[in-house]
Amino acid sequence: MDSQVLMALALSLVGGLSTSIGALFVVLNEAPNLKILGLLQGFAAGLMLSISFLDLAHNAINSIGFLKGNLWFFGGVIFFGIIANFIPEPTLAPSSDVRGKKKSGDEGGKDTLKKHRRQVLYSGIITAIGISLHNFPEGMAVFLGSMKGLRVGVNLALAIALHNIPEGVAVALPVYFATQSKWQAFKLATLSGFAEPLGVIIVAYLFPSSLSPDILEGLLGAVGGVMAFLTLHEMLPLAFDYAGQKQAVKARVFGNGLHVCKPLLSRNQPTSGDELVAVFHHSMDLTPQ
């Protein structure tokens, strides 16, 4: 398997398996701290917006022109908008709702409790399916970003990983309530993240390794559109709900600032495998004989 595909697969595993971190929030504490989750969402939103506009869309417009770059970008927006319309992002049920169902189940008897647990388990399974379908295009985005360069792939994987933590909570919380099994909650939340590396494997065989530079830049522009829609439609509203508007905005600005500062910290350092090889050969040419 190509080294680029292996790198994308490893990055997507980091992003996909971060749902396990969300599951740990539930397994270790039945009432997860929503404010922390909101701050993580705000930070990830800032990072994602910077990647979308300052890296992906900007590079696409510079490489293939203003019109084509914007067509690819908004094509990505429309594509993910259609997905979100048919498969809406599952929301995290407040722990008070789960506790309320448990309390009413205790008052109404064992039959009512069993009925509530079946309903909540069903909602947890549907949530896991929805998150898996959402994670699939995210894996495609990480793969295409990795084709552009290691820095772009790492940035995308980090932002998606932070976004996936609350999704793990959204799966694990109802499953844990319904089954009373920490292992089942953790397992289902983890499995829902495997759709991301699956997206990498499928897209790696759909797209030839020798894509033309214009097509690659266009696809990355579309990835920027997907990430921008995901951020503005799902991540920022979640951050506002969980952490409050002011705190979420501060976290978003911090995410923006981190992305802007990273090139300054890594200036003159190679960011992709091809650049590393080029630097190596250049150094060999300069070595005295």
Side-chain angles (χ1 to χ4, degrees), residues 1-27 40-41 44 47-48 51-52 55-56 76 79-80 83-84 87 89-90 124-172 175 183-211 216 219-220 222-227 229-231 234-235 271-273:
M1 189 177 287
D2 188 78
S3 60
Q4 243 177 359
V5 177
L6 288 174
M7 177 59 67
L9 194 60
L11 292 174
S12 66
L13 279 170
V14 171
L17 294 181
S18 62
T19 54
S20 302
I21 299 175
L24 287 176
F25 271 87
V26 175
V27 169
L40 287 174
Q41 286 291 278
L47 193 60
M48 196 91 85
I51 294 168
S52 299
D55 276 353
L56 302 177
F79 167 73
F80 202 77
I83 290 178
I87 312 164
E89 178 78 3
I125 293 171
I126 294 299
T127 299
I129 294 171
I131 286 173
S132 298
L133 294 174
H134 264 80
N135 284 347
F136 186 80
E138 290 173 2
M140 297 171 65
V142 170
F143 173 76
L144 293 171
S146 300
M147 288 184 68
K148 175 67 177 178
L150 182 60
R151 185 176 67 86
V152 177
V154 168
N155 284 338
L156 279 173
L158 174 61
I160 289 171
L162 293 173
H163 168 61
N164 283 349
I165 292 174
E167 293 185 346
V169 177
V171 175
V175 174
W183 167 244
Q184 291 297 330
F186 182 82
K187 182 173 69 173
L188 192 59
T190 301
L191 287 174
S192 68
F194 273 106
E196 200 161 307
L198 181 63
V200 169
I201 293 170
I202 291 176
V203 78
Y205 289 100
L206 285 179
F207 291 103
S209 57
S210 57
L211 274 176
L216 178 59
L219 287 170
L220 287 168
V223 168
V226 169
M227 297 295 104
F229 182 91
L230 176 67
T231 302
E234 296 172 1
M235 295 172 71
T271 57
S272 68

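We find the CG-CE distance between L158 and M48 to be 9.5 Å, quoted to the nearest 0.5 Å. Atom CG of residue L17 and atom OG of residue S12 lie 8.5 Å apart, to the nearest 0.5 angstrom. Between the NE2 atom in H163 and the CD atom in E234 there is a gap of 6.0 Å [rounded to 0.5 Å]. Here CG of L219 is found 11.5 Å from CG of L56. Values are rounded to the nearest 0.5 Å. Interatomic distance, CZ of F25 versus OG of S20, reported as 12.5 Å (0.5 Å rounding). Distance check: E138 CD to L230 CG gives 5.5 Å after rounding to the nearest 0.5 Å.
Annotation: side chain of M7 is in contact with side chain of L150 (closest heavy-atom distance under 4.5 Å). For the pair Q41/P166, a side-chain contact is recorded, criterion being any heavy-atom separation below 4.5 Å from C-beta on. Side-chain contact between I201 and F143: absent, with no pair of heavy atoms (C-beta onward) separated by less than 4.5 Å.
In this structure a side-chain-to-backbone donor-acceptor pair under 3.5 Å is present from N164 to G15. Under the 3.5 Å distance criterion, the side-chain polar atoms of S18 are matched with a main-chain donor or acceptor of A161.
For the side chain to side chain contact (heavy atoms under 4.5 Å, CB included) test, residues two or more places apart in sequence or in another chain that qualify with S146 are A8, L11, V142. Under the side chain to side chain contact (heavy atoms under 4.5 Å, CB included) criterion, A44 pairs with L162, M235, sequence neighbours left out. Partners of A172 by side chain to side chain contact (heavy atoms under 4.5 Å, CB included), not counting sequence neighbours, listed by chain and number: A23, V26, A185, A189.
Considering I51, L47, D55, L144 in turn, I51 is the only one that fulfils the side-chain contact (heavy atoms from CB on, under 4.5 Å) rule with L156.
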